[in-house]
*Asks:* 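Starting off with a structure, shown below.
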Amino acid sequence: MSIQVIDVTKRFGTFEALNGVNLEIQPGELVALLGPSGSGKTTLLRVIAGLEQPNSGRILFNDEDTTDTRVQEREVGFVFQHYALFRHMSIFENVAFGLRVRPRASRPAESEIKRRVMELLKLVQLDWLADRFPHQLSGGQRQRIALARALAIEPKVLLLDEPFGALDAKVRKELRRWLRRLHDDINLTSVFVTHDQEEALEVADRVVVVNHGRIEQVGTPEEVYDHPATPFVYQFIGHVNRFRDHLAGDERNAAYVRPHEIDIFEKPDASAFEATLNHAVKIGSLVRLELARSDNGDLVEVELSRERYDHLDVQPGKVLYLKPRRVKIFADEAV
Amino acid sequence: MAAVLPTAGRLAHGVAIRARKRPVPWVPLLLIAIALIYLALFLFVPLAAVFAEAFKKGATYYFDAIREPDAWSAIRLTLIAAAIAVPLNLVFGVAAAWAIAKFDFRGKSLLITLIDLPFSVSPVISGLIYVLIFGLQGWLGPWLQEHDVRVIFAVPGIVLATIFVTFPFVARELIPLMQAQGREEEEAAAVLGANGWQTLWHVTLPNVKWGILYGVILCNARAMGEFGAVSVVSGHIRGLTNTLPLHVEILYNEYNFAAAFACASLLVLLALVTLAIKVFVEARQRKEFSK
């Protein structure tokens, strides 16, 4: 099932949450909506689901206009950030809910409901929890139950709002790999919202970067990381240094350089600039250096491998020489 | 407290702190004593007095006073008024709380203010309002008389007044509870294909069932105990338009103290039962929240 978002605008009072958004999602794709909080990514997901009505624009599922289709009839699976499990129902009943509320004519028989629910619980590897209640489950388990419940109605698309937002780091990592595998197995067009770039880059086929109610860039994880289309994408995905000097060529431009794309030398070099080391932070296998440029005092961030750093053998206060390997120049605008 | 402190002292200093070194907790003791004396004077003594007075002339007199036709009719009318007012306010309260907590619409704050109105208006005034509208000299009085409908000094007036004064209880109880629970579960139900009724029955109401029960108990207690508003519209016609509280007042004014207290003891019993259920419901609610 493909999804098309055509020129969608959504306002809350005077606040413009979505501003002329266009997006096309291919059948079977797993797409991440990535952006800072308040960027409109969740609103976009809710408009696709039918939980919000756009002020203008259309939503198409498989080239069919669903803008005015009620959320009940849209046949989407939606996983809420805080799971929104029905707290007074058992896990079994939570998953069965979507089947039980169907009109009598299309409602499966009790034995069929039982079979389907248990099948889904097995799919999320939690069939042994069928009789428990939501409050007896851990966050990660609740999230998987929420997913099973969303899948029970055999949705045409699966929408997930910050699916791992409320989980701790380790569970997050496990769950997102699991989601990726699950998606590859069931091959359902899926869209998830996240503010975590690592999550988006790791899980998604394509990443949609959203900011101020507009789409900044759509591309594969490699494309948005290696070839950011706008200064915002450069800054939001990964760390970046911004220079406004000879590197940019023109005073109306700014140059963007990733911290790991800067070479560092102990001896002066013709095209390198001078900087003093402020401090170094070791993060696992990486070392992040903060340096102050000698000419204008601007701070520069550089990332090195642990080996390279140990090889350099530098102390804070030491003067070093920096040379960017790759520079991207944009017309300057305060981001 | 007393059991914990010495242990803590021993841990800190390696030796037990002797009990006399601890200051005697005068202030807490004093405050507790004041509270208990206050409760005894203003709650327990009157409560005991009601039953003592009621049984002063013996159990036979007590049961005769309750079985007396006028008392019996007062009991019946009280039950009828509550039986109409409570279900109506239950339906209204749930509907209002649902609308306020789960939807955004124009005039929402006005609705919330209106729900509180019976709390802020004196019951006597609310009774008078009905007299001004439905009474013989009132706006609808002549029309009602033409069609031979009696509202004031009749059962309909009493029911109306009871509905008015007990109107906020269920809604007031449910609104904060439903607001705290948010809208996500309702949205989840909608996405799963549930229509409005299914969502209300299977998702919203089960989540607030103890709140509903709590509201109904308070509403019922007030409906049966209401005096002011009902007194204005009732006309005090013995055996016809007297509710239990009004009947107690009449008996008392006639110096028939034992009978007055006998009937009053019924209301006290109602209050005690209400309290017991309330404690039970609150405990259940806490249990559910602590999940």
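Hydrogens, waters and symmetry mates play no part in the numbers below; they use all other heavy atoms, side chains included. None of these values were measured; they are calculated from a predicted model. Convention: sequence-line order gives letters A, B, ...; per-chain numbering from 1.
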*Asks:* State, yes or no, whether a side-chain contact exists between B:Trp197 and A:Val101 at a heavy-atom distance under 4.5 Å.
*Replies:*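 They are not in contact (no side-chain heavy atoms under 4.5 Å apart), so the answer is no.
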*Asks:* Provide the closest heavy-atom pair for B:Asn195 versus A:Gln72 in the form atom of the first, atom of the second, distance.
*Replies:*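 For B:Asn195 and A:Gln72, the tightest heavy-atom pair comes out as CA-NE2, 4.2 Å.
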*Asks:* If you round to the nearest 0.5 Å, how far is CD of B:Glu186 from CG of A:Leu51?
*Replies:*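 Reported value, rounded in 0.5 Å steps: 12.0 Å.
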*Asks:* Could you tell me if the side chain of A:Phe86 sits less than 4.5 Å from the side chain of B:Asn207, heavy atoms only?
*Replies:*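 They are not in side-chain contact.
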*Asks:* Can you establish whether the number of heavy atoms outside A:Lys114 located under 6.0 Å from its atom NZ is more than 12?
*Replies:*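 Counting other residues, nucleotides and ligands, NZ of A:Lys114 stays at 12 neighbours or fewer.
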*Asks:* Is the number of heavy atoms from other residues, nucleotides or ligands under 6.0 Å of A:Asp131 CG greater than 12?
*Replies:*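 No, CG of A:Asp131 has 12 or fewer neighbouring heavy atoms, counting only those of other groups under 6.0 Å.
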*Asks:* Mark yes when over 12 heavy atoms from residues, nucleotides or ligands other than A:Gln136 sit less than 6.0 Å from its CD; otherwise mark no.
*Replies:*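 Atom CD in A:Gln136 is crowded, with more than 12 foreign heavy atoms closer than 6.0 Å.
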*Asks:* Within the distance-only criterion (no hydrogens, no angle test), does the side chain of A:His88 pair as donor or acceptor with the backbone N or O of B:His202 below 3.5 angstrom?
*Replies:*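 Checked: pair present.
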*Asks:* Heavy-atom distance under 4.5 Å between the side chains of B:Glu187 and A:Arg46, does that happen here?
*Replies:*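 Yes, at least one pair of side-chain atoms sits under 4.5 Å.
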*Asks:* Please walk me through it: do B:Gln181 and A:Arg87 pass side chain to side chain contact (heavy atoms under 4.5 Å, CB included)?
*Replies:* CA-CA 10 Å; B:Gln181 289 181 347; A:Arg87 65 194 92 183; 3.5 Å; yes
*Asks:* Heavy atoms only, distances under 4.5 angstrom: which of A:Gln81, A:Arg70, A:His82 has the most pairs with chain B? Name it, please.
*Replies:*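 Ranked by heavy-atom pairs under 4.5 Å with chain B, first place is A:His82.
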*Asks:* Counting N and O atoms only, with roles assigned by atom type, does the side chain of B:Glu185 sit under 3.5 Å from a partner on the main chain of A:Ala84, one being a donor and the other an acceptor?
*Replies:*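 No; judged by distance alone, with no hydrogens or angles, the pair does not exist.
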*Asks:* CZ of A:Phe78 to CD of B:Glu184: how many Å apart, nearest 0.5 Å?
*Replies:*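 Spacing of CZ (A:Phe78) from CD (B:Glu184) equals 8.5 Å.
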*Asks:* Is the number of heavy atoms from other residues, nucleotides or ligands under 6.0 Å of B:Tyr38 OH greater than 12?
*Replies:*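 Not buried by this count: 12 neighbours or fewer within 6.0 Å.
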*Asks:* With a 4.5 angstrom heavy-atom cut-off, is it the side chain or the backbone of A:Leu85 that approaches chain B, or both, or neither?
*Replies:*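 Backbone of A:Leu85 only, per the 4.5 Å heavy-atom cut-off to chain B.
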